[in-house]
2 protein chains.
Amino acid sequence: MDEKNRVTLADVAAAAGVSKMTASRALRGAGDVSARSIEKVRQTAKDIGYVGNHLASSLSGKRSDLIGVLVPSLANIVFAEVLSGIAEGIEGSGLQPVFGVTDYDLEKEYNIIRSMLSWNPAGLIVTGLDQSDDSTRLLKNADIPVVQIMDVDGTPVDACVGLSHYSAGEAMAETLIAMGRSRIGYIGCDLNKDTRAQKRLEGFKRSLAKNGLSLVVEKTSENPSAAKTGRDLTALALAEEPDLDGIYYSNDDLAAGGAFHCIACGISVPERVALAGFNGLDLIDSLPVKIITSRTPRREIGKTAVEFITGANRTNEKPESRTIAFTPSISVET
Amino acid sequence: MDEKNRVTLADVAAAAGVSKMTASRALRGAGDVSARSIEKVRQTAKDIGYVGNHLASSLSGKRSDLIGVLVPSLANIVFAEVLSGIAEGIEGSGLQPVFGVTDYDLEKEYNIIRSMLSWNPAGLIVTGLDQSDDSTRLLKNADIPVVQIMDVDGTPVDACVGLSHYSAGEAMAETLIAMGRSRIGYIGCDLNKDTRAQKRLEGFKRSLAKNGLSLVVEKTSENPSAAKTGRDLTALALAEEPDLDGIYYSNDDLAAGGAFHCIACGISVPERVALAGFNGLDLIDSLPVKIITSRTPRREIGKTAVEFITGANRTNEKPESRTIAFTPSISVET
DNA sequence: ACCGGTACCGATACCGGTATCGATATCAGG
DNA sequence: CCTGATATCGATACCGGTATCGGTACCGGT
């Protein structure tokens with residue numbers, strides 16, 4: 001029907017018998033307009049179905065209502081939950097999230113950041129602290145709030161919301177050791193790309209070493225980080241080292257796969273072998289066997305990140321208070 | 001550093017000694033520019049770090065490079081995978097996805113659509129065919145490609161990529177019946193909101209009736225559609241009707257929970273009770289027991305939807321070829 | 001030398017809003 | 001009745017690009 005005749009502010013103004021400027025002010029609730037005009041403009045706007053044009057207002061103003069979000073992957077429920085938290089946090093603010101998937105590829109990441117910046121977004125949320133130098137420069141010069149999420153092990157560009165993966169790895173090693181485990185293996189995916197999983201492994205190993213232990217077996221694969229891979233690698237690891245009494249996985253998906261293998265083979269968990277993952281997926285709670293995990297507040301991270309951009313967190317302008325580190329809780333239900 | 005002195009096209013033009021217009025053409029690869037000018041402009045643009053401003057070009061042109069995506073939830077891996085497919089399909093097209101989460105709320109959906117339209121997006125991808133009348137009107141008048149995904153049971157506004165949930169439900173009922181099951185129950189979540197799950201259930205019941213059967217028990221809950229809920233409801237259902245020999249779940253998450261319950265209680269699956277879900281999550285393959293599911297091509301749906309917007313699918317302009325229905329394959333591995 | 005055609009370029013007018021600042025009207029105080 | 005303050009508006013200039021259309025310059029053909 002209405003082909004190219006989009007209702008514009010000028011139309012509203014004309015219909016309401018005021019100037020564009022007054023109409024603009026009335027609709028935005030900016031000052032210097034009489035109550036009568038406001039009423040009239042708002043009414044006619046509604047009547048003729050005025051919608052407004054974000055492009056125009058963003059171009060005119062100096063900033064848009066867009067907020068860019070970069071995640072490495074969406075095949076993993078974890079990042080979907082972060083997005084979910086972001087969507088939740090954004091609600092009511094009038095902001096709108098634009099997302100990009102980097103596939104753990106620094107160059108892709110750089111290009112997406114570039115592209116997003118050219119929308120003059122209100123802020124940017126990027127995953128991790130390990131961008132390329134070019135990307136970092138871009139972010140530094142952007143002159144908008146930039147929130148790096150998930151990780152806090154490193155130097156943030158601006159704000160930072162996440163957790164220490166080194167510490168998470170260390171804590172998990174200590175947990176396993178406290179459970180009396182000593183023949184421990186590691187199973188992971190995509191280690192060459194997922195720097196956070198690397199950091200966890202590093203912390204884990206460091207903590208083992210501190211206790212005079214080291215990994216008995218280490219299996220990694222390029223396959224997708226999913227239950228299937230976890231199950232297969234667990235079978236391999238146990239075949240190789242049948243007396244393993246603990247396995248640390250790079251995340252819960254793999255760990256769940258490990259649990260499935262053990263169930264299928266009648267290996268008791270955690271009695272004979274304790275399985276430890278990372279994230280605290282919902283799934284974990286209902287598994288028929290108890291596996292250990294570090295519960296991370298994904299949704300909370302997303303929400304908190306948004307607050308740095310909406311300014312809900314403006315109270316903390318000091319650089320040192322612009323990093324928020326959550327401590328994942330480890331659930332060990334014997 | 002570069003506070004408000006963003007490099008603009010005028011800067012590039014000046015530095016290259018040409019007019020804004022020529023610079024614009026050179027950078028876009030539009031015609032009517034000498035090879036020498038193109039080279040010069042591109043070089044100086046790179047030198048002084050010109051980035052371009054999507055807002056301006058989108059406002060000036062009639063359409064932006066944004067593409068709006070609406071999903072009901074991101075707590076469910078299914079929609080994350082759809083987004084993932086969309087991100088994949090978009091790659092290289094210069095488009096950028098904006099997403100919104102409706103929470104299965106029609107009014108929220110309407111507001112998000114409204115808001116997205118005011119970015120003059122290149123297209124819109126919305127989940128499902130059951131929008132409010134207001135939303136539908138908005139979409140119809142938008143004069144941009146609109147792709148409704150996941151569902152094809154209904155009348156699409158424009159293009160449509162998904163599958164028939166009625167048929168999926170019917171097919172699953174037939175599968176269970178063919179397996180010799182007759183005391184069948186249903187377990188679901190959020191039925192009042194998730195219209196696609198409703199449709200599956202409807203088809204399922206219809207098919208049961210056609211075979212002289214009906215549901216023995218039906219358990220639903222408002223709890224999140226996750227494994228935990230599935231496990232709890234399964235316990236309830238089996239307590240109530242111990243001789244159930246088949247359970248249809250509204251999705252795989254719940255079904256997995258059901259499997260966990262059965263494993264924990266030593267109930268053999270599928271011998272004593274067959275469990276059927278929906279989606280074909282990766283998880284299903286590695287479960288220690290075999291459960292039945294309808295495999296849906298989530299990623300593919302996302303990718304295909306994008307093609308309608310980028311025009312990669314422009315060959316099909318006829319309305320009847322603007323609906324693409326995938327048929328989910330049911331995996332029954334005894 | 002004249003002419004039409006082609007290749008290349010730039011001035012100008014937008015796109016649809018908002019910032020700015022000056023104009024007009026109204027009103028209290030003197 | 002005049003003055004200055006206050007409230008309300010609107011004309012104009014942008015924001016940073018692109019569409020349009022009207023020049024130049026240079027070409028080969030006659």
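So that the names make sense, note that chain A is the first sequence line, chain B the second, and so on, each numbered from 1.
Within the structure, a side-chain polar atom (N or O) of B/Thr8 is placed less than 4.0 Å from OP1 or OP2 of D/dG17.
With no hydrogens or angles considered, a side-chain donor-acceptor pair links A/Thr195 and A/Asp130 at under 3.5 Å. A/Gln43 and A/Asp47 form a side-chain donor-acceptor contact under 3.5 Å, judged by distance and modelled atom types alone. With hydrogens and angles left out, the side-chain atoms of B/Gln148 and B/Thr127 include no donor and acceptor closer than 3.5 Å. Side-chain contact of A/Ser118 with A/Arg114: a donor-acceptor pair under 3.5 Å is absent, judged by distance alone.
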Sort me out a list of protein N/O and nucleotides 5-11 of chain D N/O pairs below 3.5 Å, or just none if empty.
unit_1 : atom_1 : unit_2  : atom_2 : d
D/dC9  : OP1    : A/Ser34 : OG     : 3.0
D/dC9  : OP1    : A/Ser37 : OG     : 2.5
D/dC9  : OP2    : A/Ser34 : N      : 2.7
D/dC9  : OP2    : A/Ser34 : OG     : 3.2
D/dC9  : OP2    : A/Ser37 : OG     : 3.1
D/dG10 : OP2    : A/Ser19 : N      : 2.7
D/dG10 : OP2    : A/Ser19 : OG     : 3.0
D/dG10 : OP2    : A/Thr22 : OG1    : 2.7
D/dG10 : N7     : A/Arg25 : NH2    : 2.7
D/dG10 : O6     : A/Arg25 : NH1    : 3.3
D/dG10 : O6     : A/Arg25 : NH2    : 2.8

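When the local axes at the two ends of the helix from C/dA1-D/dT30 to C/dG30-D/dC1 are compared, using 5 base pairs at each end, they differ in direction by 50° after rounding to 10°.
Side-chain proximity of A/Leu9 to D/dG17, C/dC15, C/dT18: nearest is C/dT18.
Here the P atom of nucleotide C/dC15 and the CG atom of A/Asn53 are 11 Å apart, to the nearest Å. For the pair A/Trp119 CH2 and D/dG17 P, the computed distance is 13 Å after rounding to whole Å. Residue A/Asp11 contributes atom CG, which lies 11 Å from atom P of C/dC15 at whole-angstrom precision. In this entry the distance linking CG of B/Leu55 with P of D/dT18 reads 12 Å, nearest Å. With rounding to whole Å, A/Arg28 atom CZ is found 6 Å from C/dT18 atom C1'. Rounded to whole Å, atom C1' of D/dC15 lies 10 Å from atom CG of A/Asn120.
Listed by chain and number, the residues in a side-chain hydrogen bond (donor to acceptor under 3.5 Å, both in side chains) with A/Arg63 amount to none (sequence neighbours excluded). Residues satisfying the side-chain hydrogen bond (donor to acceptor under 3.5 Å, both in side chains) criterion with A/Ser93, sequence neighbours excluded, are absent altogether. Under the side-chain hydrogen bond (donor to acceptor under 3.5 Å, both in side chains) criterion, A/Ser135 pairs with A/Ser132, not counting sequence neighbours. The salt bridge (charged side-chain N to carboxylate O under 4.0 Å, His left out) test applied to B/Arg298 returns B/Glu81, not counting sequence neighbours.
Contact annotation: side chain of B/Ser57 to base of D/dG17, donor-acceptor pair absent below 3.5 Å.
By the 30° and 60° cut-offs, the orientation of the rings of A/His54 relative to B/Trp119 is tilted.
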